[in-house]
Amino acid sequence: MNAASKPGSKADRDALRQDMTTAGCTPTDIAIEMRTRFRMRPREAWRHALGWTLHEAADRITQASTRRPSESVAADASLVGKWEKWPGPSSRRPSLSVLFAMAEAFACRVEDLLDLEDRRALPEADLRLLIHRPPTAEHLAPPNAPSPVVVPSESTGTDLVRLAADESATWAQWVEASNVGDIALEQMMAETRALASDYLTSDPVVLFVRTRALRDRIFTLLEGHQHPRQSAALYVAAGYLCGLLAWMSSDLGQLRDADTQGRTAWLCAELAGHNDLRAWVLSTRSKVAFWDRRLRDALNFARRGATYRTTGTVAVLLACQEADAWSELGARDEALVALARAEDARAAMSGEDEIGGILACQPARQENYAAAVQVRVGRPADALRSADNALTLLTGQPVRAYGTEAQIHISQAAAHLATGEAEGALEALAPVFALPPDHRLAPVTRRLGELCSGIRRPHTSSIATVGLRQAIEEFCVDSAPRHLALSPGEGSA
């Protein structure tokens with residue numbers, strides 16, 4: 001029995017190239033897919049997109065270079081392999097002459113053969129020459145750009161006018177081309193919605209890896225050529241994905257990385273000019289700032305997000321986050337006013353959430369925020385009512401977000417402790433203690449840690465409180481953020 005071919009094998013590459021060619025994809029599309037699917041360097045991806053062996057590529061590169069006698073290249077299979085692997089080990093840096101010959105052979109731009117790693121490794125002088133090289137058709141034509149129409153010097157009158165029209169028509173044909181279609185854009189948004197929904201119930205690290213992979217695919221597409229409306233749609237998808245990565249990074253206790261993702265998400269929202277995305281990014285940044293104890297920043301992000309005209313539930317969540325920040329700052333009246341504004345925002349809500357899942361504020365989530373705020377402002381009875389309402393609302397839902405449900409139970413426990421009912425607190429936390437370690441996110445362990453600190457101060461060392469402290473300490477030691485911190489992984493990106 002034959003062994004299955006490994007991913008990126010010749011059989012896989014040939015099948016991918018055939019499928020994409022049949023579907024009408026260009027070599028640019030195929031090269032991008034080769035890079036993202038098989039983790040290839042750009043030059044290798046282009047060669048495989050064209051279906052060439054190293055020997056064939058060497059011959060074509062040598063032939064292409066002969067058109068410029070001053071920049072001729074003598075390529076062979078071994079050299080092409082080393083040029084492809086650069087700047088990795090056992091590689092050789094391709095000169096600018098080699099890069100321009102490759103670009104001509106592959107019918108692409110030099111820029112298409114270089115990624116960020118290549119640019120960082122290029123000598124500064126070469127990089128300057130690459131950027132400032134005279135704009136000739138051979139050297140700096142964009143990918144799949146039309147060949148320039150050569151205008152004879154003697155052209156005059158109607159011939160000159162006709163040639164100018166031909167040039168415009170040729171350029172228009174190139175502009176119409178795109179490295180992404182509307183179906184592909186629709187699919188990427190569907191995948192983004194699935195990730196946001198799956199995150200409510202799944203292992204956060206697994207979802208982080210999937211989200212990062214989709215973000216990378218979209219970033220690669222944005223490096224290519226597409227219609228302006230398609231570019232805007234790609235920026236929207238990239239913004240939501242960076243926002244999701246920010247949310248996930250925060251839940252895994254990596255607040256600095258979460259802030260970086262939030263800034264990139266905001267850039268995408270601005271480039272797309274998309275108000276719903278702007279509001280969701282500011283909501284995410286408010287969450288990150290809140291758990292980073294930058295409460296004034298959290299407050300400002302939430303209030304700024306509320307200034308945008310939006311659809312769906314983002315206005316509800318922003319008001320809840322404002323209330324959260326006010327309650328931590330000890331501003332009781334402002335917190336309660338913000339909770340009332342969340343109710344108003346829900347009543348005035350129009351349309352559906354574009355993404356949903358973690359980027360949605362269902363009634364149970366709103367009640368969860370209300371319970372936490374009411375505990376902090378000294379209203380334990382109201383907090384218990386809100387927590388009970390939240391759990392009732394969750395009961396009939398097909399998808400129950402374990403992070404939200406855990407925080408509801410923590411608010412219940414805090415309200416019981418505020419009235420001296422340690423046994424009730426221990427009972428309320430039983431479902432939280434049953435969470436598997438991978439579902440013990442940073443907000444949950446953080447709130448339990450605060451609960452534990454509160455137990456030490458005002459309460460007596462009864463059997464119930466001692467047991468509660470021990471259970472909380474054991475729970476927090478075996479958590480997702482701690483596992484991530486102790487793992488030798490690649491980190492977030």
Side-chain angles (χ1 to χ4, degrees), residues 199-205 207 247-248 250-253 287 290-291 320 324 327-328 358 362-376 380-397 399-459 462-485:
Y199 185 65
L200 297 175
T201 57
S202 301
D203 179 344
V205 176
L207 262 293
W247 202 285
M248 295 174 187
S250 172
D251 283 348
L252 292 168
K287 168 209 171 21
F290 180 87
W291 292 110
C320 289
D324 223 16
S327 68
E328 277 287 347
I358 195 65
Q362 302 302 333
R365 193 175 187 184
Q366 182 180 347
E367 290 283 9
N368 171 46
Y369 273 98
V373 168
Q374 287 158 351
V375 165
R376 295 191 194 102
D382 290 338
L384 281 174
R385 276 193 294 273
S386 291
D388 289 342
N389 289 340
L391 292 174
T392 300
L393 289 166
L394 280 178
T395 302
Q397 292 187 2
V399 176
R400 297 178 65 155
Y402 61 83
T404 297
E405 190 166 358
Q407 292 202 54
I408 294 168
H409 287 294
I410 293 171
S411 292
Q412 274 186 322
H416 283 302
L417 285 174
T419 55
E421 299 174 9
E423 291 80 2
L426 192 56
E427 182 181 349
L429 289 178
V432 181
F433 294 146
L435 282 174
D438 287 341
H439 287 187
R440 299 174 185 180
L441 303 179
V444 173
T445 58
R446 180 78 165 270
R447 287 197 63 193
L448 281 174
E450 293 169 354
L451 196 65
C452 194
S453 298
I455 294 171
R456 294 180 191 280
R457 291 195 301 270
H459 293 278
S462 67
I463 295 175
T465 54
V466 170
L468 190 56
R469 283 199 302 267
Q470 290 176 344
I472 290 174
E473 289 166 359
E474 290 172 5
F475 177 94
C476 293
V477 166
D478 194 11
S479 63
R482 186 170 176 80
H483 288 179
L484 186 70

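- Taking CG of L384 as the reference point, atom CG of N389 lies at 11.0 Å (rounded to 0.5 Å).
- Separation of atoms CD (E423) and CG (L417) is listed at 10.0 Å; rounding is to 0.5 Å.
- When every heavy atom of E367 is checked against every heavy atom of A390, the shortest pair comes out as CB-CB, 3.7 Å.
- In this model, no donor atom of one side chain and acceptor atom of the other lie less than 3.5 Å apart for R440 and S479.
- Nearest heavy-atom pair, A370 versus S386, reported as atom, atom and distance to 0.1 Å: CB-OG, 3.9 Å.
- With T395 contributing its side chain and L391 its backbone, the two residues share a donor-acceptor pair below 3.5 Å.
- A donor-acceptor contact shorter than 3.5 Å links the side chain of H409 to the backbone of A428.
- Nearest heavy atoms, Y199 versus W247: CE2-CD1, 4.1 Å.
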Evaluate side chain to side chain contact (heavy atoms under 4.5 Å, CB included) for L394 paired with E405, printing each intermediate quantity in order. CA-CA 8 Å; L394 280 178; E405 190 166 358; 3.9 Å; yes
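- With values rounded to the nearest 0.5 angstrom, L207 atom CG is found 5.0 Å from M248 atom CE.
- Look at D324 and K287 and you find no salt bridge, because none of the NZ, NE, NH1 or NH2 atoms lies under 4.0 Å from a carboxylate O.
- To the nearest 0.5 angstrom, C452 atom SG is 12.5 Å from F475 atom CZ.
- In this structure, Q407 and V444 approach most closely via the heavy-atom pair CG-CG2, 4.3 Å.
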Go through the steps for W291 and R447 under the test side chain to side chain contact (heavy atoms under 4.5 Å, CB included), then give the verdict. CA-CA 10 Å; W291 292 110; R447 287 197 63 193; 3.6 Å; yes
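- Pairing each heavy atom of L468 with each of A425, the nearest pair is CD2-CB, 4.1 Å.
- Heavy atoms of other residues, nucleotides or ligands lying less than 6.0 angstrom from CD of E328 number more than 12.
- For residues 383-392, the set of pairs meeting the salt bridge (Lys or Arg N to Asp or Glu O under 4.0 Å) definition, not counting sequence neighbours, comprises D382-R385.
- Taking each heavy atom of A364 and I408 in turn, the nearest pair found is O-CD1, 4.4 Å.
- Considering CG of D438 and OG of S202, their distance stands at 11.0 Å, rounded to 0.5 Å.
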Any chance you could lay out the side chain to side chain contact (heavy atoms under 4.5 Å, CB included) test for E450 and T445, step after step, and finish with the verdict? CA-CA 9 Å; E450 293 169 354; T445 58; over 6 Å; no
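- For the pair L252/P204, a side-chain contact is recorded, criterion being any heavy-atom separation below 4.5 Å from C-beta on.
- Between the CG atom of L429 and the CD1 atom of I410 there is a distance of 6.5 Å, given to the nearest 0.5 Å.
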